[in-house]
Amino acid sequence: MYSGSGDRDGHEDEGRHTGPRAALPAEPHTAQPTEPRAAMSAEPHAAVPAEVCESAGYTAAPSAFVDARSLIGCRHRLHLNSAHPEVLTGVTEDVGVTQRREAATAHRERVRDQLIAAEPERWTVIAPGRPAGARAADTMRACAEGAERIWGALLPQEPDTGRRGGSEILLRDQDRGGYIPIIVVNHKVTDPRQPDPAEHHPLTTGLPDWKPQPDRTVRVRNQPRDQQRLVHLYRMLQRHGLASPALVGGVIGFHTDRVLVHELGPLLDDYDRRYADRIAVVRGELPTVPSKVPECRQCPWWTRSETPGAPSCERWLVDHHDVSLVAAGSRAEVLRRHDVDTIEDLANWTGEAPDDWQYEPFEEAVVTARAWMSGAPLVRRVERLWVRRADVEVDVDLESYQEYGAYLWGTLLDGVYRPFVSWDPLPTTDEARSFAEFWTWLMDIRAEAVAAGKTFAAYCYSRTAEDKWLYESARRFAGLPGIPTEAQVREFVDGPQWVDMFEAVSTQFICPNGKGLKKIAPVAGFGWRDPEAGGEASMSWYRQAVGYDGPPDLSQRTRLFEYNEDDVRATKALRDWMYPTEPGGRSAEAEVPAMADFR
């Protein structure tokens with residue numbers, strides 16, 4: 001759980017390596033006569049004298065530390081993790097969190113090998129297998145010697161301030177002195193855009209040399225966690241007189257095609273306030289209570305208590321009728337500023353909306369609270385529900401694996417499920433074949449409908465993922481047989497024939513318990529065959545299905561097909577329930593109460 005904005009747990013390890021990273025081979029780049037410098041002893045795993053570790057701030061004495069990951073996320077989870085670590089001993093980590101961490105580690109290793117292979121003589125590598133104190137001492141030694149580029153830097157822990165952290169890269173500022181932190185992350189940090197006039201263009205630089213320039217070809221993806229980590233590293237470098245006066249940091253994202261440069265000066269005040277709050281939480285100087293946010297879905301504390309007999313976070317929230325159950329995240333924070341702490345407080349609100357409420361119409365928030373109290377899973381915003389219907393209707397749902405690609409496009413037409421799939425482990429060029437087959441089939445069905453004088457529509461649930469992989473596939477496989485152009489994809493997804501059922505639900509229903517398909521479709525009477533069905537679980541099934549960790553498990557392929565088929569059938573069931581075309585069936589209009597019923 002977290003009580004502020006930010007990423008869900010587990011996306012990045014923020015420089016904290018939970019296990020030894022793969023060491024560089026002794027001769028990794030045979031084409032280069034010069035190997036990277038290695039800041040390591042002749043015996044990488046030799047014992048390190050205690051005074052070396054102590055000089056780097058790593059001692060056996062217990063102390064409260066905060067790394068950059070803790071700056072974005074739940075304050076209460078931070079408190080529980082620091083105050084009761086023994087409760088989570090032996091607890092199995094969420095499979096999705098584990099997979100994202102492993103993918104992030106693999107991504108960093110690929111970037112490391114790519115950069116060092118290009119210019120090994122310019123790099124100093126901190127040996128990953130050494131104890132933390134030794135690595136910090138090696139990092140400080142390399143900085144003192146003026147190393148040009150340091151990979152795997154770990155900065156000394158600060159027992160007084162509580163800071164700890166490391167940077168994938170420390171780049172020597174040749175013009176001003178000091179070091180610029182550059183982090184490597186496994187998510188996108190920019191999106192492509194057509195060059196156009198704008199008041200501001202982000203600064204980027206190529207990977208070989210540091211030459212930041214305004215970049216008109218991309219726009220920035222807002223990633224507060226990256227910015228907070230860079231400022232955190234800047235403060236740690238500043239302590240030792242090693243921070244570049246340029247006050248900038250860099251991020252290498254998923255595509256590794258450039259370094260996004262962030263100006264850190266404007267972020268310092270916010271970071272300092274945030275850090276002071278978080279270190280006080282860890283030290284037990286500030287109290288915290290649960291509050292529901294997206295992070296709760298994967299938090300081990302959601303169903304666990306810190307002491308025997310104490311309620312879990314979920315139980316505590318329900319027992320207290322906490323307002324965050326119906327107004328999660330920052331919405332709850334706004335309401336609490338107006339003394340609205342419980343669902344009853346919100347349900348009994350009268351008068352004008354709070355002047356700092358910047359979300360949905362406040363009346364809907366009040367109705368959501370009243371619906372929760374009555375047990376209603378949905379409330380109609382409108383008197384008459386409507387969904388675009390067509391003579392020929394195709395339901396579409398894709399399955400992807402992290403950022404590696406989309407391996408399965410499932411469709412439903414006239415009650416028949418048709419999957420278009422590649423079981424070659426991603427990334428693979430065979431993905432282009434399965435995507436081309438899907439696109440060609442879908443466009444042929446559309447063309448046949450038009451030729452027959454019939455209307456056509458294709459449906460998905462939450463088009464964000466489908467749109468992303470339609471565009472991504474068109475870009476990555478451009479020119480291959482059957483692959484559409486980006487313009488052809490845009491013509492389709494921007495047109496009236498591409499219908500997002502999530503949008504139809506969001507605009508016409510208030511959803512006290514969430515808007516996910518697995519929350520809404522059961523209200524329409526649909527159920528999944530697999531009780532574990534879900535996006536996170538499917539990641540593990542996919543790894544087994546393609547044999548990432550052993551021989552391919554064909555039973556998991558069947559499981560994925562059934563999961564995908566149920567998703568497209570759920571979309572159709574929801575559509576038929578919201579806007580029936582056959583008389584005598586179930587109807588959302590007849591079953592779901594309207595807002596007026598709660599006024």
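Bear in mind that the values here come from a model prediction, so they are computed numbers and not experimental data.
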By ring pair (Phe, Tyr, Trp, His ring centres under 6.0 Å) - contacts of [X] (at least two apart):
X    : result
F477 : none
Y548 : Y401, Y542
H107 : none
W316 : H320

Exercise. Do the rings of W349 and F362 sit parallel, tilted or perpendicular, given the 30° and 60° boundaries?
Worked result: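 W349 and F362: perpendicular rings.
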For this session: Measure up the W372 and H321 rings against each other and bin them: parallel (under 30°), tilted (30 to 60°), perpendicular (over 60°).
Result: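 Geometry flag for H321 against W372: perpendicular rings.
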Heavy-atom check, side chain of [X] versus side chain of [Y], under 4.5 Å:
X    : Y    : answer
T217 : R258 : yes
D270 : Q228 : yes
T204 : L260 : yes

Might you point out which heavy atoms bring [X] and [Y] nearest each other, and give the distance in Å?
X    : Y    : answer
E431 : S473 : OE2-OG, 4.2 Å
A474 : V489 : CB-CG2, 4.0 Å
L426 : A406 : CD1-N, 4.3 Å
V546 : P425 : O-CG, 3.7 Å
G514 : K519 : O-CB, 3.8 Å
P377 : P512 : O-CD, 3.2 Å

Listed by chain and number, what are the salt bridge (Lys or Arg N to Asp or Glu O under 4.0 Å) partners of [X], not counting sequence neighbours?
X    : answer
E503 : none
R433 : D430, E437
R380 : none

Distance-only check: which donor-acceptor pairs under 3.5 Å involve side-chain atoms of residues 407-419, not counting sequence neighbours?
{"unit_1": "T411", "atom_1": "OG1", "unit_2": "R418", "atom_2": "O", "d": "2.8"}
{"unit_1": "Y417", "atom_1": "OH", "unit_2": "N564", "atom_2": "OD1", "d": "2.7"}

Taking [X] first and then [Y], would you say they form a salt bridge - that is, a charged N and a carboxylate O separated by under 4.0 Å?
X    : Y    : answer
E363 : R381 : no
R446 : E491 : yes
R475 : E472 : yes

Exercise. Does NZ belonging to K188 count more than 12 external heavy atoms closer than 6.0 Å?
Worked result: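 Yes, the 6.0 Å shell around NZ holds more than 12 heavy atoms from other groups.
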Problem set entry | Flag if over 12 foreign heavy atoms under 6.0 Å of NZ, K468 |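 Yes - once you tally the heavy atoms of other residues, nucleotides and ligands closer than 6.0 Å, there are more than 12.
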Exercise. Considering residues at least two apart in sequence or located in another chain, which fulfil the side chain to side chain donor-acceptor pair (under 3.5 Å) criterion with W423?
Worked result: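 With neighbours one apart ignored, the set is empty.
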For this session: List the steps, then state whether side chain to side chain contact (heavy atoms under 4.5 Å, CB included) holds for N222 with Q227.
Result: CA-CA 9 Å; N222 187 32; Q227 295 172 318; 4.1 Å; yes
Tell me if a side-chain donor or acceptor on [X] pairs with a main-chain N or O of [Y] at a distance below 3.5 Å.
X    : Y    : answer
S312 : W302 : yes
R370 : A347 : yes
R463 : V493 : yes
D549 : R543 : no
E589 : L385 : yes
R193 : V218 : yes
T571 : D567 : yes

Problem set entry | Pairs meeting criterion ring-ring contact (aromatic ring centres under 6.0 Å, His included) with involvement of residues 451-471, two or more places apart |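 For residues 451-471: Y461-F502.
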Problem set entry | Where at least one partner belongs to residues 386-395, residue pairs that pass salt bridge (Lys or Arg N to Asp or Glu O under 4.0 Å), sequence neighbours excluded |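 Only R389-E393, R389-D576, E393-R575, D395-R575 qualify under salt bridge (Lys or Arg N to Asp or Glu O under 4.0 Å).
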Exercise. Which residue pairs pass the salt bridge (Lys or Arg N to Asp or Glu O under 4.0 Å) test with at least one member in residues 493-502, sequence neighbours excluded?
Worked result: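 Output for this query is empty, none listed.
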For this session: Show your reasoning for whether salt bridge (charged side-chain N to carboxylate O under 4.0 Å, His left out) applies to D322 and R336.
Result: CA-CA 10 Å; D322 189 83; R336 291 185 184 114; 2.8 Å; yes
Exercise. Would F526 and W528 satisfy ring pair (Phe, Tyr, Trp, His ring centres under 6.0 Å), going step by step from the backbone distance to the final call?
Worked result: CA-CA 7 Å; F526 186 86; W528 275 256; 5.1 Å; yes
Exercise. Is it true that the side chains of H187 and D226 contain a donor and an acceptor less than 3.5 Å apart?
Worked result: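 D226 and H187 do have a side-chain donor-acceptor pair below 3.5 Å.
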Exercise. Under the side chain to side chain contact (heavy atoms under 4.5 Å, CB included) criterion, do V318 and L325 qualify, and how do the steps go?
Worked result: CA-CA 8 Å; V318 172; L325 289 172; 4.2 Å; yes
For this session: Test side chain to side chain contact (heavy atoms under 4.5 Å, CB included) on W498 and C460 and set out the steps.
Result: CA-CA 8 Å; W498 185 228; C460 64; 3.6 Å; yes
Problem set entry | side-chain hydrogen bond (donor to acceptor under 3.5 Å, both in side chains) between W439 and Q488, intermediate numbers included | CA-CA 11 Å; W439 179 265; Q488 288 172 316; 5.1 Å; no
Exercise. How far apart are the C-alpha atoms of W541 and Y563, what are their side-chain angles, what is the distance that settles it, and do they pass the ring pair (Phe, Tyr, Trp, His ring centres under 6.0 Å) test?
Worked result: CA-CA 10 Å; W541 303 344; Y563 165 59; 5.8 Å; yes
For this session: From the options C313, C296, S324, C299, select the one residue that forms a side-chain contact (heavy atoms from CB on, under 4.5 Å) with P290.
Result: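 By the side-chain contact (heavy atoms from CB on, under 4.5 Å) criterion, P290 pairs with just one of C313, C296, S324, C299: C313.
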For this session: Take V251 and I183, measure what side chain to side chain contact (heavy atoms under 4.5 Å, CB included) needs, and give me the verdict at the end.
Result: CA-CA 5 Å; V251 185; I183 60 177; 3.9 Å; yes
